[in-house]
Undergrad: 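Below: one structure in structure tokens.
Quantities reported herein were computed from a predicted structural model and do not represent experimental measurements.
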Amino acid sequence: MIARLSVVVVWVTLALLVSGSKGERERSLRLPNATYPLFYQLHISSDIHKGQLLFSGNATIDVAIRHSTNEIVLHAKNLTDIQITVHRLTAEGSQIVDDLTHTLHPRAAFLIIHPTGNYQAFEEGQQYRLEILYTAIMASRPAGLYYMDYRDEESNRTVYIAATQCEPTYGRQIFPCYDEPGFKSNFSLKITHGSSHSAISNMPVKEVLSHGDLKTTSFHTTPPISTYLVAFVISDFGSISETYRGITQSIYTSPTSKEKGQVALKNAVRTVAALEDYFGISYPLPKLDHVALKKNYGAAMENWGLITYKDVNLLKNLSVDTHKRKLDTITQNHEIAHQWFGNLVSPEWWTYTWMNEGFATYFSYVITDLIYPDDKMMDMFINHEAESAYSYNSFNDVHPMSHYVEGEKDIMGVFDIISYKRSACVIKMFHHAFRQKPFVRGISHFLEKYRYSVANELNLFDALQSELQEDEYFSQQPWASRIREIMLSWTHSEWLPIVVVSRSYENNTITFSQRSVHKKPELWWIPINFATTQSPNFEDTQVDMFMPPQPQYTVALEDLKIQASGKDWIIVNKQHTGFYLVRYDTDNLMAIARQLQTNHSVIHPINRLGLFRDLGPLIEHNEIEQMEVVFEMLKYLEFEEDVLTWNQVQDSIECLTRNLHGTSSQSLFNEFVRLLIGPTFRRVYVEHGVNLPEDGISHGILEIACSADLPECLEYTRRLAKEYIIDKIYLRVESDYHAVIDSVLCMGVRYLSDQDFQRVIDMMQEIDRGSVYYDDIIYALRCTQSHRHLLYYLEGLMGENSTHMVLSEFEDLMYLLYIYKSNLASRPVIWQYIERNYKFLCRAPNFVEHFKQLAGFVPRHQRSQFERLRQTIADHMLQEGLNSSQTLIEADSPLVGKKMRITENFQDKFEQQIHKWLLNELPQASGSSDALLSASLSAANGSSRPQGVLKEATRVLRSALRIVDMYS
């Protein structure tokens, strides 16, 4: 609590001039620690109601001197007309300090107040009051104070409104401040605005004073708060409200949209109460507003007491599909969870962004699952969060969860998959390993101890350790006093661990080995638990033992209290709550496969999913010991009804399909997949009749089925494609629009007859080329399996005499490469197309780079043809003087065919084994071509949707194609 000092008001304003001396020396981008803010009084004046973007501010900041210094350093960016008055505060009153000037340091966005001479002006223990007057311009994008407009349908006029986005470093664009999360302070805000508008902020309104056509709204003082959480909105919005447990929650929307906020309001009231009960800590403010904005940074922003959202993520139509509703609920509950994680206790620095985002991500699912148990939100966590966290380890720009950054751009960079999704998975792991009650009690004690303050990861880990040492069971464990070490091994590592479980069937021991997925020398304290044939209990997910941070660790089954014969299976990582991959010896995998084939329900569905997640990278990189065990694992899938497991299996089936393409096993494998996927496809899709499932996660099943030429799937997608292409019937699916629509249309046009293909081409001559319909059909046709159709498609879309040109010259080759990767049937056609069109293609500025990437996919049996084509192109480019600054890839470059070597090695190693296994397992192949029969199409127009699939795809291709292709 800060005592208020009396002030003798002497308003003598000194316009402090900008000098250059302080800005010239090299500085850290961090604020010095010599001073800190005690209290802000902020007054913003705006005429946004008139559409005027200029605003003025008066920031009065009480500052304490921690260490003697010759400068007071704050942040300020894009603020102009700065005038500063400085008072020294004493118990007797105040005194103007007039021998001061200020300097702006653009690189660090610093406003530096310092004496005109070189002396130590500010002594330890002193306090000062800075009054800073300034002006600034509102931004058009959500950064700082920004504006937006909407059309008032009743008055037919444009209404302008303003809102703030301060996280992470935009507060400095609204007012001078200590714009780092560690500098918490109380804020007293006033907003002067047009009388047609109202203002809301973090705290409730204290008073509203009218003066002419303006009003000044004053707000109650905030508790200590970081600058990135300061917020206000100036608008003519209306609201609906509900008060529960003394907390008033409101949904603010444009006046005509209020009723669309009813669902969000009811959810907000339930969620705040649930979080209070779960952690035993009351929400500390008297109100919580939720504002639906036309523009917002990301889906939502967790400002304390005033959460802002993109309107589409907050407001609900009655017709909204189930999956969209779930996603929006998670978005809202993520921001509500931040009121505890990040707002009540803030990170000491952006190094610990994960302590905000990871906890808000994970507990938004936990709380939502408690409130709406029928929605199976923890399944959605697996699909939306965990899958991204696991797959992110395929990329090269990883960093530890605790990751130091300084510059504004680098700070923005830590708001990534690692801080949100990977951290959520690590938090989930220890929530289970330490059991829910001890873990939550530790978190609650942490929140209580550091409320209204800032903390770092060690503060969090110490709170957990204190609680665990009070637990009757955990206090007896040898690792209970090493929680810091355990947690730091996860927050300071970059990659994902792999745990190899090797059983010694003679000695009844298990040897655990651990390594990073990228073989970096990182080691972890890894929580291990077990389920076995004789004890198939997957519900108790607390840790049985910690593998210490060493490469190998051997332990007897007896010491683990595990009973298992040589034929029994052992599964590590129950319900896959641990954030690591597991590898098993072949005998144990075969025992698991036998269990799956006998009664797969004995193994928890999340562990069935996890088994294929663990196997996936081994299959991708030819690291499996015996391919027979993979097929034995797959064999039970005809009885698998869990959609998430099928989604996980999809990558492995696609990899096997790709590796067997063009071999004698290709058709046999497709038949095998049809036998597996058929029952599930019929249950999920055929039983839905004309509608696509609304779970948002089932289209992987459709892709598996149609890619294997399952007749029911081809017929299903053909019918939907016909309805869309011919009858203009919109495919009713709001969730994951681009992926679902693309899957349906792509699979629906795979096997068009010559007549129907030509009919579609003729139709497109008459269609608006800027329409969504045209865009969608052009993009879908890339999936045709006919070589003749593909060649016609490429010539028409991007050839020199293109009749359907919709791509730019730069996009042509990117798209060509994308088709090459995504449609295996296209590969020989694309080389034929290049051979026919190289004189046109090589004029493109990016031809050399994309030709190099295509060269990576040249199979060894086509190497000589590639060399001839490459020489022909090189001679032509030399003759024409094209791309003189770049060299075409050499024919003997090790990059030629590099992307095919994994596939070729796979075929050398496994193709004969697979062929033999399939012949033994499959019934007599029917040889039926019914699956490839085409349905008749007839011409019509298209859709009214706002954006097509092709435009969305080409939008991301530039960056996507730069990523190393881990799977080809």
Undergrad: For F446 and Y450, take the angle between the two ring planes, folded into 0 to 90°, and tell me which bin it lands in: parallel under 30, tilted 30 to 60, perpendicular over 60.
TA: tilted
Undergrad: Can the ring centroids of F363 and F279 be said to lie less than 6.0 angstrom from one another?
TA: yes
Undergrad: Not counting sequence neighbours, list each pair that qualifies as a side chain to side chain donor-acceptor pair (under 3.5 Å) and has a residue in residues 424-443.
TA: Y278-H431, Y362-H431, H432-T541, R435-D471, R435-Q542, R441-E467
Undergrad: Search all heavy atoms of T329 against all heavy atoms of T368 and return the closest pair with its distance.
TA: CG2-CG2, 3.8 Å
Undergrad: Could you check Y309 against D328 for side-chain hydrogen bond (donor to acceptor under 3.5 Å, both in side chains), going step by step and ending with a plain yes or no?
TA: CA-CA 10 Å; Y309 304 79; D328 289 345; over 6 Å; no
Undergrad: Does a salt bridge link D375 with R325, judged by any charged N lying under 4.0 Å from a carboxylate O?
TA: yes
Undergrad: Can the ring centres of F183 and Y36 be said to be less than 6.0 Å apart?
TA: no
Undergrad: Hey, are T227 and D179 close enough side-chain-wise for a donor-acceptor pair under 3.5 Å?
TA: yes
Undergrad: So, T222 and N202: side-chain donor and acceptor under 3.5 Å apart, yes or no?
TA: no
Undergrad: For the residue pair S346 / K184, report whether a side-chain donor-acceptor contact shorter than 3.5 Å exists.
TA: yes
Undergrad: Roughly how far apart are D277 CG and I367 CD1, rounded to 0.5 Å?
TA: 8.5 Å
Undergrad: Could you tell me which non-hydrogen atom of I498 sits nearest to which non-hydrogen atom of V517, and how far apart they are?
TA: CG1-CG1, 3.6 Å
Undergrad: Evaluate side-chain hydrogen bond (donor to acceptor under 3.5 Å, both in side chains) for H334 paired with E302, printing each intermediate quantity in order.
TA: CA-CA 8 Å; H334 176 103; E302 70 265 20; 5.8 Å; no
Undergrad: With ring pair (Phe, Tyr, Trp, His ring centres under 6.0 Å) as the test, pick out the partner of F546 among W490, W479, F512.
TA: W479
Undergrad: Would R613 and E387 pass as an ion pair if we require N to O under 4.0 Å?
TA: yes
Undergrad: Strictly distance-based, threshold 3.5 Å: is any side-chain N or O of S239 a donor or acceptor partner for the main-chain N or O of Y252?
TA: no
Undergrad: So, for Y228 and W350, is the gap between ring centers shorter than 6.0 Å?
TA: yes
Undergrad: T221 vs N186, test: side-chain hydrogen bond (donor to acceptor under 3.5 Å, both in side chains). Steps then yes/no.
TA: CA-CA 7 Å; T221 301; N186 305 90; over 6 Å; no
Undergrad: Is it the case that the side chain of Q249 and the backbone of A268 share a donor-acceptor pair, with hydrogens and angles ignored and the cut-off at 3.5 Å?
TA: yes
Undergrad: Looking at P497, is its backbone amide N or carbonyl O close enough to the side chain of S516 to form a donor-acceptor pair, meaning the two atoms are under 3.5 Å apart?
TA: no
Undergrad: Mind jotting down which residue pairs meet the salt bridge (charged side-chain N to carboxylate O under 4.0 Å, His left out) criterion with at least one end in residues 449-464? Sequence neighbours excluded, please.
TA: E448-R451, D462-R484
Undergrad: Any idea how F439 and F359 line up, ring-wise: parallel (<30°), tilted (30 to 60°), or perpendicular (>60°)?
TA: parallel
